[in-house]
There are 2 protein chains.
Amino acid sequence: MRPRNTTDGIPEASIARLPVYLRALQSLADQGVTTVSSHQLAIAAGVNPAKLRKDLSHLGSYGTRGVGYEVDYLIYQISRELGLTQDWAVAIVGVGNLGRALANYGGFASRGFQIACLFDADPRQIGTRVGHHVVHDIADLERIVVEKRVAIGVIATPAAAAQQVCDRLVAAGIRSILNFAPTVLSVPPTVEVRKVDLSTELQILAFHAQRRALSELEALDVIDYPDIERLDPRAVSRADEPPDRPRRVAGVSR
Amino acid sequence: MRPRNTTDGIPEASIARLPVYLRALQSLADQGVTTVSSHQLAIAAGVNPAKLRKDLSHLGSYGTRGVGYEVDYLIYQISRELGLTQDWAVAIVGVGNLGRALANYGGFASRGFQIACLFDADPRQIGTRVGHHVVHDIADLERIVVEKRVAIGVIATPAAAAQQVCDRLVAAGIRSILNFAPTVLSVPPTVEVRKVDLSTELQILAFHAQRRALSELEALDVIDYPDIERLDPRAVSRADEPPDRPRRVAGVSR
DNA sequence: CCGATTTTGTGCACGCATTCACAAAGTCGT
DNA sequence: ACGACTTTGTGAATGCGTGCACAAAATCGG
């Protein structure tokens with residue numbers, strides 16, 4: 001008993017890649033490609049073919065051995081799995097530079113999402129038009145969110161306002177939040193928050209850039225730097241924060 | 001021999017969290033807090049205290065047992081590890097809605113990053129001012145990037161132009177790229193690309209939202225849906241892509 | 001100076017994710 | 001109709017990340 005095809009439990013990591021596959025497939029479809037092998041699709045999506053196959057196998061057995069995957073059919077299956085066969089109403093809170101950019105983002109990402117309303121707290125913004133939407137007073141958030149059946153909230157406010165806005169979105173019944181503000185939001189466990197964080201990404205890039213720069217330096221100098229250089233922070237260019245070391249004497253630490 | 005304090009090899013996952021810790025610490029510092037325990041900081045950063053301690057232990061032994069971490073000192077150490085004690089020149093390519101939003105983003109993320117130049121391909125944009133920068137012709141990309149010693153490139157162009165722009169950034173010597181365009185970029189292995197992708201994030205949210213909606217539906221109905229419902233895609237509301245099923249007959253597939 | 005208390009740093013076990021490698025399953029040419 | 005070939009789907013091995021639980025280290029009160 002129990003055929004259980006695609007009943008449950010796709011790994012998070014796989015889900016996070018499905019949108020990438022979907023885009024690659026759509027691009028192939030636009031080029032008139034009707035069939036694609038896991039190898040080709042994996043290249044287009046920038047992943048390992050085995051990983052791609054395992055990911056897809058979680059949604060069911062939609063390929064044909066010896067041939068590959070039918071592009072349109074796979075697009076449909078992934079879309080369905082991701083919940084893109086229905087429309088999702090999105091509310092954007094904060095129409096600063098970023099909020100405007102999001103609101104004007106043509107077609108709002110791919111199909112499946114529709115901007116339902118915009119909010120701001122600034123009286124000078126309220127009532128103005130952004131794209132083909134009027135900016136609402138954030139005071140009306142709960143009412144309008146319920147009216148328009150908004151399912152996803154996007155926070156594009158300053159960090160200081162983010163938690164407060166988040167609380168109100170949650171109070172209005174929203175359980176999917178995309179946060180662009182540089183803050184950790186606290187929400188009840190029934191609510192899912194994803195964050196998009198420019199500054200974090202830049203800092204990660206900086207880390208690796210510095211690492212590259214240092215290893216190239218070490219490759220040039222014949223001398224293998226001892227730990228002294230690392231233990232004296234003043235050796236760096238911009239002393240942003242004089243380290244005011246903590247009381248701690250000769251602790252070489254094990 | 002070999003004290004090797006912080007010589008090498010911090011796990012990627014830890015690095016990705018350091019910026020979050022840094023922000024939490026800066027916020028604490030602003031509130032006048034001078035010392036923090038792993039427990040408190042973990043709450044502020046939204047992670048498990050043990051994970052936090054393990055992450056920090058990769059940079060060295062900067063805590064004091066029985067007390068906690070000195071906020072300023074830890075800020076400094078994390079900043080140094082991330083390479084934020086020096087400035088990084090950033091180039092933004094594409095001054096559409098998103099590019100403008102990024103360019104105007106106050107102080108550009110946190111300290112440590114500085115916008116060095118903006119580029120666009122559209123003649124109507126070239127020469128105009130965005131923030132306190134003039135938009136350069138993308139034709140001059142290589143020259144200006146080298147002149148200004150740009151280390152990080154941000155791609156905020158339409159998807160169609162992204163790979164081409166990326167190739168030119170790489171040709172100009174840039175090895176850290178932040179990609180906002182919805183495309184998989186292909187780069188030599190010496191170059192690091194990170195992507196920020198609105199549409200992917202929304203789709204992941206939609207997946208979980210759909211899952212919640214379905215499981216609530218199942219909780220209401222007493223009937224446990226058999227697989228038939230899942231095998232007939234036309235049961236969904238918005239038939240975006242009539243599934244045109246592939247030739248395949250009764251394959252129940254184990 | 002010592003013992004109670006706090007909190008770090010980390011060994012260890014567990015679970016998830018990735019990748020290899022191969023059998024199963026299909027296609028295509030003859 | 002059959003055999004060579006292609007490509008999927010997946011068992012199994014390996015590696016990485018997480019979190020518990022505890023010993024080591026430091027403070028503080030008496």
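The figures that follow rest on heavy atoms only: side chains count, while hydrogens, waters and symmetry mates do not. Here is how names work: the chains are called A, B, and so on, in the same order as the sequence lines, proteins then strands, and each is numbered from 1.
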Between atom CD1 in A/Ile15 and atom C1' in C/dA17, what is the gap in whole Å? 13 Å

Specify the separation, in whole Å, of atom CG of A/Leu18 and atom P of C/dA17. 13 Å

Rounded to whole Å, the CG-P distance (A/Leu52 to C/dC20) equals 14 Å

Distance in angstrom units between B/Leu59 CG and C/dT8 C1', rounded: 14 Å

Looking only at heavy atoms, the pair that brings A/Val184 and A/Gln163 closest together is O-OE1, 4.0 Å

Looking at every heavy atom in both A/Val36 and A/Leu41, which two are closest together, and how far apart are they? CG2-N, 3.7 Å

Heavy-atom nearest nucleotide on DNA chain C taken for A/Val67 and for B/Ser37; more 5' hit belongs to B/Ser37

Protein heavy-atom contacts under 4.0 Å, written 5' to 3' over nucleotides 13-21 of chain D as B (base), S (sugar-phosphate only) or - (none), form the string ----SSBBB

Provide, to the nearest angstrom, the distance between the CD atom belonging to A/Glu70 and the C1' atom belonging to D/dT8. 15 Å

What residues form a side-chain contact (heavy atoms from CB on, under 4.5 Å) with B/Asn48, not counting sequence neighbours? B/Ala50, B/Lys51

How long is the line joining CG of A/Leu41 and P of D/dT6, in whole Å? 20 Å

Under 4.0 Å between a side-chain N/O of B/Ser61 and OP1 or OP2 of C/dG9, yes or no? yes

Just how far, in rounded Å, is P of D/dA26 from OH of B/Tyr62? 16 Å

Contact list for residues 32-45 of chain A, test salt bridge (charged side-chain N to carboxylate O under 4.0 Å, His left out), sequence neighbours left out: none

Between C/dT8 and B/Ser38, is there an OP1 or OP2 to side-chain N/O distance shorter than 4.0 Å? yes

With sequence neighbours excluded, tell me which residues meet side-chain contact (heavy atoms from CB on, under 4.5 Å) with B/Arg175. A/Arg212, A/Glu216, B/Thr190, B/Val191

Who are the side-chain contact (heavy atoms from CB on, under 4.5 Å) partners of B/Pro11, not counting sequence neighbours? B/Ser14, B/His58

Please list all pairs passing the salt bridge (charged side-chain N to carboxylate O under 4.0 Å, His left out) test where one or both residues lie in residues 12-30 of chain A, with sequence neighbours left out. A/Arg17-A/Asp55, A/Arg23-B/Asp197

From OH of A/Tyr21 across to P of D/dT8 the rounded distance in Å is 13 Å

N/O (side chain, B/Tyr69) to phosphate O (OP1/OP2, D/dA26) under 4.0 Å: no

Using only modelled atom types and a 3.5 angstrom limit, is any donor from either the side chain of B/Arg65 or the base of C/dT8 paired with an acceptor on the other? yes

